[in-house]
Amino acid sequence: MKYDFKQIEPKWQQKWEEAKVFCAEDNSEKPKYYTLVEFPYPSGAGMHVGHIKAYSGLEVVSRKRRMQGYNVLFPIGFDAYGLPTENYAIKTGTHPRIVTDNNIAKFTSQLKRVGFSFDWSRVIDTTEEDYYRWTQWIFLKMFENGLVFRDNALVNYCPHCKVVLSNEDSQGGKCDICHSDIVQKSKTVWYLRITQYAEKLLQGLEEVDYLPNVKQQQVNWIGKSTGAFVNFTIAQTDEKLRIYTTRPDTLFGVTFMVIAPEHPMIQEQRDRITNIEALDAYREECAKKTEFERTQLVKEKSGVRIEGLTAINPVSNKEIPIYISDYVMMGYGTGAIMAVPAHDERDWEFATKFGIDIIEVIKGGDISKGAYAGDGEMVNSEFLNGYTNKKESIQRMLEYLEEKGIGEGGVQYKMKDWAFNRQRYWGEPIPIVHCAHCGMVAVPYDELPLKLPKVENFEPGEGGESPLAKIEAYVNCKCPKCGRDAKRETDTMPQWAGSSWYFLRYIDPHNESALADPEKLNYWLPVDWYNGGMEHVTRHMIYSRFWHKFLYDIGVVPCSEPYAKRTAQGLILGPDGEKMSKSRGNVVDPNDVVDVLGADVLRTYVLFMGDYASAAPWNESSMKGCKRFLERIADLTDLIKGEGVTPKLETAFHKTVKKVSLDIEDLKFNTAIACMMTLLNDIAAVGSLTKDEMLILVRLLCPFAPHLSEELWEQLGGDGFCALAPWPQWDESKTVDSTVEVAVQVNGKVRASIQIPFNCPQSDAIAAAKADEKIAVLLEGKTVIKEICVPNKIINIVVK
RNA sequence: GCGGGUAUGGCGGAAUUGGCAGACGCGCAAGAUUUAGGAUCUUGUGUUAAUUCGUGCAGGUUCGACCCCUGUUACCCGCACCA
């Protein structure tokens, strides 16, 4: 058959759509399988081939599952709220709604041309009213359950985007969208209490099947540590200064304390502090620094002693000085530390610079040269002296602290609460009303969705206020509780809101009375296999697990973890080996490949180019190999002779069916395809194959190159769609040849190769090896010390 | 600094997990076909004078090591003054 992809690809795409081949059934006798890929953000640039690789992995799995008889849900949608669209809209003067619709149309046509087997009847768009209505609904449920709060705090702020960012959105001190430096700004912001779920998010990882590095990254991000809170008395007052430490057993070594420059104690004790100007000056200096300067460039410790206040070491009762320094962060622990210079590197540097006492409490190092962080015998510590086990000494100190009411054991997490509002237009409106009498009042559920008003000017205000604040008709409203005049919240939700629960909406996308029908949720959840990018592991993955766990706690979803299994694909790099990006000009548009070589070649190539989980550069000429492969498959139709089994090919077919079947489950698509190529070479060597064999090969190929497979299936008289034909089975006993080639080594070096029957007795195998001419020569006059025989693999004869 | 990972031909990458290193594809070379180019097909292709040497480098364990152990170098990713 001539391989005419331009004719067959549109033909089958249309047939699949007409016959609804890929629509998931809600009431089915078949076992269910839910495969999920990260839905795209529809940017103006359209998709690049990286998206195609990201979706092709589970596309193959989904297609295989259908052929295995599963009722498969493999949905797609669009995560369409977000800053890039809004920035583009501002630049071009086009409304974000129009920009979004255009981008979605472009993405849709690109996806359809590749022939993905998505269920297009369940497409969702996070910016549509009947979707974000439920995003707001979940937010209000969280509000109702005390997981939403407002606080004036130092927040990550991007001066370029004019927006407050969460910790997750400003990793590395850079804005996630424009990569500008983040500054710390004091602002009143909305938070979601994700820290309340820190322990559950950590525990939940035990019960899921995620790639080890995905799990590890989440564990690190949550950052649990165990230690103690200790209250130090401030000598001049009745106030306590509370600190967190992981080593309470070093308390006798505490010679000073440090608090963050922003610590509230400075304001509270203003009157008692005699050098308040110096402290204010230092704090201002710190505020000017970017996150980068504060963490990377400042190697030398700086700080100012607080004059007029001292603390009392609660175990030794010694009076110790208090400093402010920016090496202590307000955002972790209590914003204050007890400093143990003998055993903490940072404290040691600080103490050395400021001439503070250093008291050794753990033996083993030389504290005149540096801090000693290792284990050892406790000294200078009264009742702890002589302890050598860290666990025991900590335990003993905790008992003491609790007995005396000085402190108590506790845990800390690096993860912070989720700064949830954005001062922007293109996002879900936060459904809260501010009432002078009632405070923050939720918009009643029956008024959802609180619609995003249409505006002309969606630029944010210079003072960092949302564009919605300018619309009086929107802002001014009545309090839902008391009916008096009130004002609406004008900030919107972050981009991550809509994607935190989208996989639930796919299950019942058109439901008007609930986010999804409980019975359907019960049938489809959890997602059986979720694949996406590593960059979402500490953002979207954490957020959506948090939302899901909350929904589980209030009885909306039936399971506590949303994703049973999570894998990740590697990036496709540009032909230059650099990350694909518009600015580098090395982006490959899938449409260009489909035009010239066809969708099946594109699909096969992105999976064949290398290990699915690793990054690999795009290579135009390598794609030729995939094109030749598909052409040679099409040409096989000329070699078909008869039916049944070709004896010389029987083993090769069983081997291939096995390997392709198993490799798909491990995302080893490159070797699955390589194996089919090898089979093709075997067939070429034999010169013919039967129609039945051809039908097996066509079905194996179907998940990878479905258009060609359907065409061949039809021409050969296959029943129905190849996409729903039964997946081929293999017979384990037929995956091996009756005779095997075994390498014969003498003293570990391969000297000959013999043909012997499969699984023949070891004694026969060794006898056959010794009988070989080349081996016999080498054994002459030598003493055999040892004979090793690995059945069907290798024989090694050791001689002297 | 902490955590995770990688290192194999000219290139992308295989190797049943301790058993013939380099599958499969690209590229390259020669030949066939073609007016020519392209495309296609066939054969060859780690290295060597060798039965040599070969999986970043140096050792070790073993009959046997890309695989296990010790040390070391380079690169990539994530977090980072986390108390």
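Every chain is numbered from 1 and lettered A, B, ... according to where its sequence line falls, protein lines coming before strand lines.
In this structure, of B:rA83, B:rC41, B:rC63, it is B:rC41 that holds the atom nearest to the side chain of A:R632. Side-chain proximity of A:S622 to B:rC41, B:rC26, B:rA15: nearest is B:rC26. Nearest to the side-chain atoms of A:D611 among the listed nucleotides B:rC63, B:rA14, B:rG4 stands B:rA14. Set against B:rA83, B:rG64, B:rG13, the side chain of A:R346 has B:rA83 as its closest nucleotide. Candidate nucleotides B:rA83, B:rC81, B:rG13 were compared by shortest atom distance to the side chain of A:T246, and B:rA83 ranks first. Out of B:rG12, B:rG4, B:rC63, the shortest distance to the side chain of A:N796 is found at B:rC63. Listed nucleotides B:rC81, B:rG3, B:rC63 differ in distance to A:M329; the shortest reach to its side chain belongs to B:rC81.
An anti base is found at B:rU72: its glycosidic angle is more than 90° from 0. Anti is the glycosidic conformation of B:rG60, whose angle departs from 0 by more than 90°.
If you check B:rC68 for Watson-Crick or wobble pairing at under 3.5 angstrom, you find it paired to B:rG60. Pair assignment for B:rC26: B:rG10, on the basis of Watson-Crick or G-U wobble contacts that are both within less than 3.5 Å. Across all strands shown, B:rG78 pairs with B:rC2; the Watson-Crick or G-U wobble distances both stay below 3.5 Å. Under the Watson-Crick or G-U wobble criterion, with both distances below 3.5 Å, B:rA50 has no partner in any strand shown. When both pairing distances are held under 3.5 Å, B:rC41 makes a Watson-Crick or G-U pair with B:rG31.
With hydrogens and angles left out, the side-chain atoms of A:Q217 and A:N213 include no donor and acceptor closer than 3.5 Å. If you check the side chains of A:D737 and A:T739, you find no donor sitting under 3.5 Å from an acceptor.
Against RNA chain B, the stretch residues 672-683 of chain A makes heavy-atom approaches under 4.0 Å through A:A674, A:M677, A:T678, A:N681.
Between A:Y332 and B:rA83 there is a side-chain N or O to OP1 or OP2 distance below 4.0 Å. The phosphate of B:rC26 has OP1 or OP2 within less than 4.0 Å of a side-chain N or O from A:R628. Taking side-chain N and O atoms only, A:N670 has no distance below 4.0 Å to OP1 or OP2 of B:rG25. Between A:K624 and B:rA39, a side-chain N or O to OP1/OP2 separation shorter than 4.0 Å is present. Contact check, A:K749 against B:rC53: a side-chain N or O comes under 4.0 Å of OP1 or OP2.
Taking a cutoff of 4.0 Å between a charged side-chain nitrogen and a carboxylate oxygen, A:R566 and A:E38 qualify as a salt bridge. The pair A:R539-A:E535 does not count as a salt bridge, with every side-chain nitrogen at least 4.0 angstrom from each carboxylate oxygen. With salt bridges taken as basic N to acidic carboxylate O contacts below 4.0 Å, one links A:R242 and A:E408.
Using a 4.0 Å heavy-atom distance criterion, A:V798 is classed as a sugar-phosphate-only contact. A:E345 comes within 4.0 angstrom of nothing in the nucleic acid, heavy atoms only.
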Stepwise side chain to side chain donor-acceptor pair (under 3.5 Å) test for A:S753 and A:E741: CA-CA 7 Å; A:S753 182; A:E741 197 180 276; 3.2 Å; yes
Should A:N313 and A:F252 be marked as a side-chain contact (heavy atoms from CB on, under 4.5 Å) after you check the CA-CA gap, both sets of side-chain angles, and the distance that decides it? CA-CA 8 Å; A:N313 182 324; A:F252 286 97; 5.8 Å; no
Show, in sequence, the C-alpha distance, side-chain angles and deciding distance for A:Y612 and A:S56, and conclude whether the side chain to side chain donor-acceptor pair (under 3.5 Å) test is met. CA-CA 10 Å; A:Y612 189 65; A:S56 291; over 6 Å; no
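The CZ atom of A:R751 sits 5 Å away from the C1' atom of B:rU51 (whole-angstrom rounding). One interatomic measurement links the two molecules: CD of A:Q745 to C1' of B:rU51, which rounds to 14 Å at whole-angstrom precision. Between A:Y612 atom OH and B:rG13 atom P there is a gap of 15 Å when expressed in whole angstrom units. Atom CD of A:E787 is separated from atom C1' of B:rG64 by 15 Å (rounded to the nearest Å). At whole-Å resolution of the value, CD1 in A:I633 and P in B:rG25 are 12 Å apart.
Geometrically, A:K301 does not engage A:F350 in a cation-pi contact defined by less than 6.0 Å to the ring centre and at most 45° from the axis.
Toward the 5′ end of RNA chain B lies the nearest nucleotide of A:K668, the other residue of the pair A:K668 and A:Q217 mapping further downstream. Positionally, the nearest nucleotide of RNA chain B for A:V790 lies more toward the 5' end than for the other of A:M534 and A:V790.
B:rA7 and B:rC57 have their C1' atoms separated by 11 Å, with the value rounded to a whole Å.
A donor and an acceptor atom never sit less than 3.5 Å apart when one is taken from the side chain of A:K414 and the other from the base of B:rC79.
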